[in-house]
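Down below is the structure, laid out as structure tokens.
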Amino acid sequence: MTAGYVHFPTLLSEADADAMLRLCERFGSYGMYGQKPGEEELGRGLYPRHDAAMNYLRTGGRFGRSESAATLAVRTNYFRETYAYDEPVVDGIEGFLWHEGLLEAARDIFDRPIVQPAIVYANLLIPGQELAVHTDVPEFRGANRTKDPEWLLVVMHHSSLFERWRMPIATGVSWFGGCRGGDFAFYPEGPDEAAVTVPAAHDSAILLDTDSVFHGVDRVAETATPLPPLAIGMRLTFEGNDTWRIGFGDEAVIRYRWDDLRFSVSWKAYCLADEAERRMVAEHTDDLTRPRIMDMLLRDLERRGRLRDGVPGGTDLALLLIEEYVRFPPPSAATDG
Ligand SMILES: [Fe+2]
């Protein structure tokens, strides 16, 4: 089945698009998005997005390149900060948070009239970086990333067992600046069909259900300088005069020009069917619990014949769940060098 999406060749006015670049500069400094391994028994030691990382390492990404795990990690440790969380956390993001075109596209695609913008965040990728193919972390009534492992929420959605509790989230991704490469690649026809790519063109955007549709970011065009040895804790900081610096504190490991970077701004909104559903969410009258989630998953694994040797322990059970339910698109035959 084809998943709906809306592409915006032009999202904002010229002045407003330019204002997004100035906002990005004004915000000034962006932390590296790194992941810490989980500590609870279920899946202990696995990264929050073990599903996507494992698939990336196994396949070498969308183009099936083979590289060391260390190089792949540097390729995917990009920079991120939040511009709005329920309300603006930085001046000048209001118009984007409540963008009528995004709201209307979300209502259309999900066929749900109540759209509540929840978060706006910026991602910055440097030359040579890319984003492994994945689906985003979904949310359910009673299950979310504040208390449940991200890979488990992904497994839950891919299992289709928890649709009754799912909170559909619309995601808009917009791009600003003169980035080269870094196309947005996604699979609207499903993981077994060809990917569609959209260039990360200045002041354009796409809106879709990224919790359901596999997607990723192709490699940002590399400059003469190879990828620097990025380390967790480094920041990407605007120095003025079209220049960005990466490093700890004031030290610069490398510098980039604006046009070397891929700057995207993502928008996520809850899509609700009606007032009754909104109340159910607010009043927690029909929430999932972890025992119920595990019970439903284990019963389904049993039915699929995957528990003939008994129920495996914490980390093995996590790996079994990921392998059984999350079916990634295979690497494409395409070669782009
Ligand atoms: Fe995503």
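Each ligand, and each atom within it, is numbered from 1 in the order the structure gives.
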Arg44 and Glu41 ion-paired at < 4.0 Å
no
Polar side chain donor-acceptor pair, Glu81 to Tyr33, under 3.5 angstrom
no
Strictly under 2.8 Å of the Fe ion (ligand 1): which protein N/O/S atoms qualify?
His134 NE2, Asp136 OD1, His215 NE2
Would you call Arg255 and Glu239 a salt bridge, using N to O less than 4.0 angstrom?
yes
Arg164/Asp286 ion pair, N-O < 4.0 Å
yes
Looking just at side-chain N and O atoms, do His134 and Asn55 make a donor-acceptor pair shorter than 3.5 Å?
no
Which residue in the set Gln116, Met167, Glu277, Arg112 passes side-chain contact (heavy atoms from CB on, under 4.5 Å) when paired with Cys271?
Arg112
